[in-house]
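Reading through the structure tokens given below for one structure.
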Amino acid sequence: MLNFWLVQGLGVGVIALTMLSFLQKVKWKMMVCLVATNALMIAIYILCGSLLGGLLVTGALIRTIVYFLYNKSNKRPEPIIMILFEVYYIVVSIIFWESLYDFLMLINLVLVTYTSWQKDVRTLRMGYFLSSALLIPYDILLGAYTTAVSEVIMLISMVYSLVKYAKVTRNSADVAQRYFIANKNFWGTTLECFDNYDMVTSRTVDRSVFYNYGIIKNDYDIFGTLQEIKKKCKQNKVKEIAYLSFNAKTYDKRLSDANTLQMFFPVEFQDVWMKLIDGFNLNNTKCKIQNIEFKEVDESSIDQIVDVYLKGYCSKIDLSNLKELEKQQVENLRRLNLTDVQDGYKVSAYMAYFNKIPISLVVMLSNNVEAFITKVATIPIFRRKHVASSLMQFAIDKQRLKGIQEIMLVTDKYSTNEKFYAFNSFVEFGQAFAFDISNLNRYKNFLNNNQL
């Protein structure tokens, strides 16, 4: 009887650690909770008479530490390491097999070892969901009832997370829409949704082609869609631009359409959509200059934001000689709301200071699950010193503390910026061509007469 209550008492400790782990946003603190949880479970299973359960969780504890050390270095464990853990579980199970329900623990650990090796957080959550579903009956059969309660809590948590982040997508067409919705209260963009296309405009802030175009949605009547976009652009008095996103790594109709249209229309610009690898940090984020201070700033720092934006993003030396478009952008920045959530998104500005002088800027547009990085700017003499990388990491850490999962951005394909972000653990999930559709005659002639 004493053994039974000791097991239940240790199970209460597992419940407490499980709930505590949900509150942690810093990796090493989560790691401490996981290690302590595994240590208690080893003791629980041995006290319940399952030597095999204790040995298997010992392997899980070691795996957790190994995976954490790799992740801390922005690395994924080599496949052989994952395979060695899987082999350990199977071999130990064969040697110490006691009953049929040991199979539940074996399948659980094989599954979690594989899913936690993946880069995709959604896959990881699904793995832990299935793990809890397997461990609940296992714990009940062993008599570790309070430990089973901890698995029920974990199961509910995973369901909540899967639902919360269900709308997070890597589809570049959907992300582009959300990006410009997020920009509504930052860069003055509007998004009008029509059946065949969505129209992005920013006439009061930025009349450039980068913020004024139609996003193609209709894959079946592209010519008709182009005609509609052309007409809408004329009404808006902006250059006639159609934007088509695609996944360059997937051979499908959108990729084919993008490359076909490229033969008939000049490409005004080419975007690449990128996201930070799940769970990774930026590389070499330690600034090369000591005593750089990083801050999240509010409306009282608007003048500093404007100054760094003009010097770093617009490369302006003489701030008294601004173009009309730059003047409009400055006026927009002066109206920034860095306090409230508007239309589901909050604008957050982060700055780096050298001797209290503002030298770098990063803006984040975030809702409760994702954040877009934009307007990264560093004063020229401070470039290539990891100031921007360090500031971005500071901003990302702040966003992660708020529960943000996906960190995304858009930049020019084949540019220095793309190389910079790729070096810093951002990976491509989509591209886009922005076509100048001022003249539809060649494409129309091809469709009607089959002539190139």
Side-chain angles (χ1 to χ4, degrees), residues 25-28 68-76 119 121 175 179 182 186 271-297 301 304-315 338 346-366 370-402 404-429:
K25 303 298 182 181
V26 182
K27 287 182 181 179
W28 71 265
F68 173 80
L69 293 174
Y70 269 89
N71 185 265
K72 189 177 180 181
S73 302
N74 269 13
K75 294 180 181 178
R76 187 186 186 191
K119 292 181 179 179
V121 171
V175 171
Y179 173 72
F186 170 60
D271 277 344
V272 55
W273 290 89
M274 308 179 79
K275 71 174 289 290
L276 186 62
I277 297 173
D278 291 330
F280 274 36
N281 292 322
L282 274 61
N283 291 320
N284 294 335
T285 53
K286 190 172 182 179
C287 185
K288 293 181 179 180
I289 302 175
Q290 293 184 343
N291 302 319
I292 296 290
E293 185 181 10
F294 304 106
K295 289 183 180 179
E296 180 174 358
V297 298
S301 301
Q304 295 178 345
I305 291 173
V306 170
D307 184 72
V308 175
Y309 171 76
L310 290 173
K311 291 177 180 177
Y313 196 84
C314 301
S315 300
L338 299 174
K346 183 180 184 300
V347 180
S348 301
Y350 302 88
M351 300 196 71
Y353 294 85
F354 177 69
N355 290 341
K356 298 184 179 181
I357 301 171
I359 61 172
S360 189
L361 168 70
V362 168
V363 176
M364 302 282 273
L365 314 173
S366 61
E370 66 186 5
F372 296 99
I373 297 175
T374 187
K375 305 306 178 199
V376 179
T378 303
I379 292 176
I381 62 172
F382 287 94
R383 291 173 184 170
R384 296 184 176 86
K385 294 176 176 60
H386 297 165
V387 176
S389 295
S390 301
L391 179 59
M392 284 172 59
Q393 185 61 61
F394 175 83
I396 289 168
D397 289 342
K398 291 291 185 181
Q399 292 292 323
R400 282 175 170 168
L401 289 173
K402 300 174 184 178
I404 300 300
Q405 175 180 308
E406 300 280 8
I407 309 293
M408 295 175 287
L409 55 87
V410 59
T411 190
D412 299 325
K413 184 63 180 171
Y414 306 120
S415 66
T416 301
N417 285 340
E418 181 192 9
K419 293 177 182 177
F420 166 76
Y421 291 122
F423 173 75
N424 276 299
S425 302
F426 281 84
V427 292
E428 174 185 320
F429 66 89

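Side chains are part of it too, since the values below use all heavy atoms of this structure and drop only hydrogens, waters and symmetry mates.
- In this structure, the side chains of Ile292 and Phe394 stay at 4.5 Å or more apart for every pair of heavy atoms.
- When all heavy atoms of Met392 and Phe426 are compared, the closest pair comes out as CE-CE1, 4.0 Å.
- Partners of Asp271 according to the salt bridge (charged side-chain N to carboxylate O under 4.0 Å, His left out) rule, which considers only residues two or more places apart in sequence or in another chain, do not exist here.
- With a 4.5 Å cut-off on side-chain heavy atoms, Leu276 and Leu282 count as touching.
- In this structure, the side chains of Lys275 and Met408 come closer than 4.5 Å at one or more pairs of heavy atoms.
- Side-chain contact between Tyr421 and Asn417 is present, with at least one heavy-atom pair separated by less than 4.5 Å.
- Contact annotation: the side chain of Asn283 approaches that of Ser425 to within less than 4.5 Å [non-hydrogen atoms, C-beta and beyond].
- The two residues Ser389 and Asn424 make their nearest non-hydrogen contact at OG-ND2, 3.4 Å.
- Under the 6.0 Å distance and 45° angle rule, Lys375 does not count as a cation-pi partner of Tyr309.
- The side-chain heavy atoms of Phe354 and Lys385, taken from C-beta on, include no pair separated by under 4.5 Å.
- Side chain of Ser360 to backbone of Val387: no donor-acceptor contact under 3.5 angstrom is found.
- Shown here for Lys311 and Arg383, the closest heavy-atom pair between the two residues is O-NH2, 4.4 Å.
- Tyr353 and Ser301 get closest at one heavy-atom pair: OH-OG, 4.2 Å.
- Closest approach of Ala395 to Val362, counting heavy atoms only: CB-CG1, 4.3 Å.
- A 4.5 Å side-chain heavy-atom check between Thr411 and Val272 finds at least one atom pair inside the cut-off.
- Qualifying salt bridge (charged side-chain N to carboxylate O under 4.0 Å, His left out) partners for Lys413, counting only residues two or more places apart in sequence or in other chains: Glu418, Glu428.
- Without hydrogens or angle criteria, Lys346 side chain to Leu338 main chain gives a donor-acceptor distance under 3.5 Å.
- Closest heavy-atom contact between Phe382 and Ile359: CE1-CG2, 3.5 Å.
- When side chains are defined from C-beta on, Met364 counts as touching Ile396, because their heavy atoms get closer than 4.5 Å.
- Classified by interplanar angle (parallel below 30°, tilted 30° to 60°, perpendicular above 60°), the ring pair Trp273/Phe429 is tilted.
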Does the side-chain contact (heavy atoms from CB on, under 4.5 Å) test come out yes or no for Phe294 and Asp397, once each step is laid out?
CA-CA 12 Å; Phe294 304 106; Asp397 289 342; over 6 Å; no
